[in-house]
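We name chains A, B, ... by the order of the sequence lines, and we start the count at 1 in each one. Small disclaimer: the values here were computed from a predicted structure and weren't measured.
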Amino acid sequence: MFAMLARSARGSLAAIGFTTAAVVLWATPSQAITIETVTSPGGVEAWLVEDDTVPVVMMNFAFQGAGSSQDPADKPGVANLLSTLLDEGAGEYDSEAFQAVLQDRSVRMSFSADRDSFYGRMKMLADNPQDGIELLRTALDDPHFADEAIGRMSAQIISGIRRDLRDPNQVAARAWSASAYPDHPYGRPSDGTEETVAMIGKPDLEAFKARTFARDNLHVVVVGAIDAETLEPLLDEAFGGLPETADLVTVPNVEPITGEIVTETMDVPQTAIRFGGPGLERDDPDFIPAYVMNYILGGGSFSSRLFDEIREKRGLAYSVYSYIVPLDHSAIFGGGTATRADRADETVRIIREEIAQMAAEGPTEAELEEAKAYLTGAYPLRFDSSASIASQLLSIQLEDLGVDYVDERNDLIEAVTLEDVKRAADRVLGQGEPTFVTVGPSGS
Amino acid sequence: MTARFALVAALGASLLAAPAASADTSLADLRIAPDTASFTLDNGLQVVVIPDHRAPVVTHMVWYKAGAADEAAGESGAAHFLEHLMFKGTDKHPDGFSDTVTALGGQENAFTSQDYTAYFQQIAKEHLGQMMELEADRMANLALEPEEVARELDVVLEERRMRVDNDPSSILGEAFSATLHVNSPYGDPVIGWPDEVNALNRASAFAFYDRFYTPENAVLIVAGDVTPDEVRALAEATYGKLESRVDLKPRVRSQVPEFGSLRTVRYADERVGQPSLRHGWIVPSYATAEPGEAEALDVLAQILGGGSTSRLYDRLVRDGGPASSVGAWYQGNALDPDTFLVYAIPRDGVDFDVVQSAINAAVAEIAESGVTNEELQRAKRSLVAEALFAQDSQQRLARIFGLALTTGGSIEDVQTWPARIGEVTAEQVQAAARAYLSPTTGVTGYLEKKATGKDS
């Protein structure tokens, strides 16, 4: 009834070898998952984790680079609209018939796009995965993009955009992106605007898909009750109709502009605050130390410095967080909160102080040890279901970390020293003030 | 549902494990999570164990049969406020145990609803015993510093501003619910009315704690890489040491009277980006329905408004219909009769009346002419498939059992849900629509855009 939301994954292009099997050992040695690299007769590659516990098969895939950063500059919103239309009529089925056949075959199919990539997720019952794969092939190769469906989906997206434009947190997020990336695709709204969504037609959708869905930017993960032999031909069935190579527009690498202060007025009882500046690239040797630093500063939902100072000690907000995200073309450190309007200035001041403090001194040895204990101990929790395993492994593919990463990741965290974190803190936080955006009532 | 930390409430209807069966297979043979074991400790604590050995991880949850609807009059928000304060500490662990959970690589949270309050950790299996010790400790030994209580009240007030005051749709939702559930505690928001939340204090939190937090009013659920024997030994050594603290009273709540007419709630706000409407009715829940009736309501919600093959979607959204989105929703997991809701967002320039008439016509069509066999089978297949997919997640399994067991259901009820969905007939679906979804009863709610400077 409530489908799990697609998790976005980001990273750089992957090129993985094949016919390997990485055995992942958990803290408890009796436990293991095995990741097989499966290559179909037609050359489509996938990571497979076979597990018969539950009679379902999950398939997550992505076209890397095919996100909203490929939208035409004058028509943002194409990737997002496309993600709503692949299952709205394809092949021999009109929209309603396609939706009906998905239900009748107990197949769940969903698509999404973020700034960097285009994602698909399939859930199928173990006794009929071929039914789902056939429908996926049809959706990828022969979607109708009928006017009626385009109109219907545009109306839905536009109504979401209108809601977002009244939501202070969304307004703050958009304002931050616009300010940080004034001349870059990342500065445009991924969902588009009311005006641009209304302009998008069938030719835009067809052109985008033809250019960006291909075998050479495809990543596939399959988890569940299916073996390699059964999967191999299904990979060709699903993806064999795609062109060999994608023709992506070059998206320049960019650093977010920092040090700006953006204030928007909105008559709401709370002030939304967003901040952000440059982070570190995923392949930077200091990325993992920076990740640990961010956990200590504001990444931990229960015990971070920002949580302690803003919520626990002062009761200023319900939620406060920071994050470090390596997009394909820009690394970001950012965060946000929403606070009583009359104490917004105080909240911003505390966030700035905490950032400055971390930049100057780094964490304590005790904080580092606690962070490492949490981050390593909690890693297996990300693998508690087939759906979460599929999502994790796809992220690892997109970030080009290699099939052994699941096994290596905790060692990488354990190896981080206090000196590493201090250096990373200075690199991320000590090179200038982030851009702050506040959206709230005037005078706040 | 309102939680200490933002939480995605992903509660499906139910689910089943076991044979690799599609929805076409005889549902009568399917049982949800057949390996589930249950026993009761001497002090009355019910324990449910749902083994899943895929990852060396457990989900440990304690559910109390006490939620916002069990609060004393005038103290709305007390259940949720207590939920926040439960993280503050005990005599033995004066700073709470979040740091311990974190240091062990665990994740935790809690959530409050009208009928229950639940606390959980997900953690590597070897730490289960320690989680039980800590959770058992705060079941009986909560200790609260007055300054901490005051600060946490500020946090809750910010949570209210974030969830409600910042969101016109939620503001309408509160008024709508208060009107629909008039005279029932379900009409009060879980987070509480602002003035009453403001007046909450240490004493009101403890009053709720001392009325409801006791082993015989709780359900312990452990899902994941454990066996029932392991859980029993750990539970007896921890929770088993607790004594009953409370003389429990039956959960009897005042009920919504029958209204013979339709009521309307309108809320206009300059911040409304997109007008919307909703129509709700009070219908039986799984706990109060006649046999088969709640199952029929689940199937009805699916046929009427469950996704893009539904009646409402076909009549209102496709082919340039009057709405840009529609849906239907049945809240069946409740101790008292609860809500059946339909909602829609009109297309630009379309009046609410046009959309409302189209909804009424679609509902009347089912009430008068019933549903087709194709629709019935598709809806059942969809509900059962969702149940099959849901079993992939140990957390979701734990939640489904916890939800059922704190809202009047049994383990058997959860396990036989697919079979009962399979037995629903077209006549039952039609009868449910006819009995409960009259266009002249219930409450309609309109969220309107207020033009700047004038009323609308």
Side-chain angles (χ1 to χ4, degrees), chain A residues 1-2 4-5 26-28 31 51 53-56 95-96 99-100 103-104 106 108 123 125-128 148 151-152 155-156 159 162-163 165-166 168 225 267-270 300-303 311 314-319 338-340 370 373-374 376-381 383-387, chain B residues 5-6 8 10-13 17 19-23 52 54-57 98-99 102-108 122 124-126 151-152 154-155 158-159 161-162 165-166 270-274 307-309 314 317-320 324-325 345 347 378 381-382 385-386 388-389 391-395:
Chain A
M1 317 225 148
F2 296 85
M4 201 188 293
L5 297 171
W26 300 119
T28 311
Q31 301 286 339
D51 188 311
T53 309
V54 178
V56 300
S95 162
E96 196 170 359
Q99 292 296 319
Q103 285 194 26
D104 292 345
S106 300
R108 300 286 185 271
K123 291 187 192 182
L125 297 183
D127 63 354
N128 69 342
E148 189 275 334
R152 191 154 38 82
Q156 228 169 71
S159 107
R162 286 180 188 159
R163 248 191 329 261
L165 289 177
R166 308 285 171 152
D267 189 16
V268 285
Q270 253 185 350
S301 54
F302 287 81
S303 47
R311 174 165 160 165
R314 296 181 180 82
L316 287 171
Y318 173 71
S319 157
T339 183
R340 253 169 74 174
E370 283 162 20
Y374 171 78
T376 55
Y379 194 54
L381 307 187
F383 298 84
D384 72 337
S385 67
S386 294
Chain B
F5 296 92
V8 177
L11 291 176
S22 74
D52 174 352
R54 284 180 293 170
V57 166
S98 291
D99 287 349
T102 302
L104 297 172
Q107 295 174 350
E108 61 172 344
Q122 193 185 28
K125 62 182 275 193
E126 59 267 28
R151 266 199 308 274
E152 199 60 28
D154 282 344
V155 171
E158 286 310 314
E159 184 181 356
R161 286 187 189 102
M162 182 194 84
D165 305 343
N166 257 2
E270 287 170 14
R271 292 176 290 159
V272 171
Q274 191 63 60
S308 57
T309 58
D314 182 61
V317 179
R318 285 191 188 279
D319 300 317
S324 64
S325 63
I345 294 175
R347 279 207 199 223
R378 183 170 294 147
R381 194 172 288 128
S382 202
E386 204 51 47
L388 279 162
F389 292 130
Q391 71 190 318
D392 181 42
S393 161
Q394 60 170 249
Q395 295 208 41

Residues passing the side-chain hydrogen bond (donor to acceptor under 3.5 Å, both in side chains) test with A:Glu96, sequence neighbours excluded, are none
Among B:Asp154, B:Thr309, B:Val57, the residue with the most heavy-atom pairs under 4.5 Å to chain A is B:Thr309
Under 4.5 Å to a heavy atom of chain B? For A:Asp51 that would be side chain
Sorted by chain and residue number, the ring pair (Phe, Tyr, Trp, His ring centres under 6.0 Å) partners of A:Tyr374 (sequence neighbours excluded) come out as A:Tyr295
So, the part of B:Asp319 with a heavy atom under 4.5 Å from chain A: the answer is both
When the 4.5 angstrom heavy-atom criterion is applied to B:Arg347 and chain A, the contacting part is side chain
Per-residue tally against chain B (heavy atom, under 4.5 Å) across A:Ala225, A:Ala338, A:Ala378 peaks at A:Ala378
If one checks every heavy atom of A:Pro269 against chain B at 4.5 Å, the contacting part turns out to be both
If one checks every heavy atom of A:Ala317 against chain B at 4.5 Å, the contacting part turns out to be backbone
* Asked: When you check the side-chain N and O atoms of A:Arg152 and B:Ser324, is any donor under 3.5 Å from an acceptor?
  -> no
In short, B:Met162 meets A:Tyr318 closest at the heavy-atom pair CE-CD2, 3.6 Å
Ranked by heavy-atom pairs below 4.5 Å to chain A, first place among B:Asp52, B:Thr102, B:Val272, B:Leu104 goes to B:Thr102
Under 4.5 Å to a heavy atom of chain B? For A:Ser386 that would be both
Looking at B:Arg381 and A:Asp104, is any side-chain nitrogen of the basic one under 4.0 Å from a carboxylate oxygen of the acidic one? yes
Q) Salt bridge or not for A:Arg108 and B:Glu386, using N-O below 4.0 Å? A) yes
Report task. Could you go through the side-chain contact (heavy atoms from CB on, under 4.5 Å) check for B:Gln274 and A:Arg166 one step at a time? Result -> CA-CA 9 Å; B:Gln274 191 63 60; A:Arg166 308 285 171 152; over 6 Å; no
So, the part of B:Ile345 with a heavy atom under 4.5 Å from chain A: the answer is side chain
